[in-house]
Amino acid sequence: MMRVSSDDIGLWRRAMRDVIPLRGRPEYPLPSPPPLPGEARVEVNAGASKALRIDGPIGSKPSRQSPAPPMPPPPLDTFAGLDRASAERLRRGRYPIEARLDLHGMTQAEAHRALNGFVAGSRSLGRRVVLVITGHGRISGGVLKTAVPRWLNEPELRRQVLAIAGAQPRDGGGGALYLLLRKAS
C-alpha cells in the first residue's frame, strides 16, 4: 500500500475543509502530517467532528482571516458575449436544435473525441444550436455528465462554444446540454 505524503494530506484537508459528513456516517480522520521545522501544530479534539487547529511559525500571531477560497468557475450558461434574451432563449430551449450527439455507451476517451469532432464539425457546417446527450448516469454515477462540462471549458472547445445550458425535460433534462456555437469565421 502506498504511503500518503504530508503534502497530499495538507492538500486533501484544504480541499475538504468545508465538507460536512452525512448524518449517521462516520468521519474518517486523516493522520496529521508532521510539523515542519520552526512550525507549531496544535490540535484539540473538541468533539467527534470538531477540531481546532493552530498552524504557523512559533511565536507568530494567528491570522484573523482565513485565506479566501478560490473563485468558482463561472456558471456554464453565462459565457461573455451573450445577451440576456439569447441566454434566456437557450435556457428555455427556444432555439431549434440543428444536430444531436448521443454519448450513451461511450467510454470517456471515445466521448471526448466524439464531442471535439461534433462541435468542430457542427460549427464548420454553420450550425448554431446543438444538443449533447450525456445521460443521467444513474448506474455509473454520471461520469460523462460531469466530464462533458469540464471538457467544454477546455480552451480548444471553449473557443468554439458561446454558451451552454442544461436541456429542458423534453430534450433530455439533466442528462443533456444545449450548446450555442460561435459563428464560423
Side-chain angles (χ1 to χ4, degrees), residues 4 8 11-28 66-185:
V4 180
D8 289 339
L11 181 62
W12 179 256
R13 287 186 186 276
R14 281 193 302 277
M16 297 292 118
R17 68 178 168 253
D18 297 327
V19 175
I20 299 170
L22 295 173
R23 266 183 286 179
R25 299 278 177 102
E27 185 176 329
Y28 299 101
S66 61
M71 291 296 294
L76 290 175
D77 59 353
T78 58
F79 287 145
L82 189 63
D83 63 282
R84 177 181 266 167
S86 296
E88 197 60 31
R89 284 186 70 196
L90 184 66
R91 269 194 291 273
R92 292 184 182 196
R94 298 274 164 84
Y95 283 112
I97 297 170
E98 300 172 62
R100 287 176 167 75
L101 173 65
D102 190 342
L103 300 175
H104 280 104
M106 293 186 189
T107 64
Q108 285 191 60
E110 292 169 340
H112 197 186
R113 280 193 304 274
L115 182 64
N116 282 331
F118 176 70
V119 169
S122 293
R123 187 167 176 239
S124 68
L125 292 171
R127 296 178 181 144
R128 290 300 310 275
V129 178
V130 295
L131 181 71
V132 176
I133 303 166
T134 61
H136 291 282
R138 289 188 179 118
I139 296 172
S140 65
V143 174
L144 293 179
K145 184 178 177 180
T146 56
V148 167
R150 189 176 68 244
W151 296 337
L152 290 168
N153 275 316
E154 291 174 353
E156 182 182 325
L157 283 172
R158 183 119 186 206
R159 282 191 292 271
Q160 300 180 59
V161 178
L162 183 61
I164 305 167
Q168 291 293 310
R170 67 179 177 274
D171 293 320
L177 296 169
Y178 298 124
L179 308 185
L180 179 60
L181 303 179
R182 294 183 187 277
K183 291 180 181 174
S185 47

Provide the closest heavy-atom pair for Gln108 versus Ala147 in the form atom of the first, atom of the second, distance. OE1-CB, 4.2 Å
Minimum side-chain heavy-atom gap Leu101-Val130 below 4.5 Å: no
Would you find a donor on one side and an acceptor on the other, under 3.5 Å apart, between the side chain of Ser124 and the backbone of Gly121? yes
Could you tell me the separation between the OG1 atom of Thr134 and the NE2 atom of His104, rounded to the nearest 0.5 Å? 7.0 Å
Closest non-hydrogen atom pair between Leu131 and Ala176, with its separation: CD1-CB, 3.9 Å
Hey, could you give me the CZ/OH distance between Arg92 and Tyr178, rounded to the nearest 0.5 Å? 12.0 Å
For residues 159-169, which side-chain donor-acceptor pairs fall under 3.5 Å, sequence neighbours excluded?
from, atom 1, to, atom 2, distance (Å)
Gln160, NE2, Glu156, O, 3.2
Gln168, NE2, Arg91, O, 2.6

Rounded to the nearest 0.5 angstrom, the CD1-CZ distance for Ile97 and Arg127 is 12.5 Å
Could you state the interatomic distance from CZ (Arg123) to CG (Leu179), rounded to the nearest 0.5 Å? 12.5 Å
Leu152 side chain near Leu177 side chain, heavy-atom distance below 4.5 Å: yes
For Ala111, what residues pass the side-chain contact (heavy atoms from CB on, under 4.5 Å) criterion, not counting sequence neighbours? Leu103, Met106, Leu144, Trp151
Is it the case that more than 12 heavy atoms not belonging to Arg84 sit under 6.0 Å from its CZ atom? no
Distance col, row Leu157:CG vs Phe118:CZ, nearest 0.5 angstrom, shows 11.5 Å
Enter the distance from Glu98:CD to Arg128:CZ here, rounded to the nearest 0.5 Å. 8.5 Å
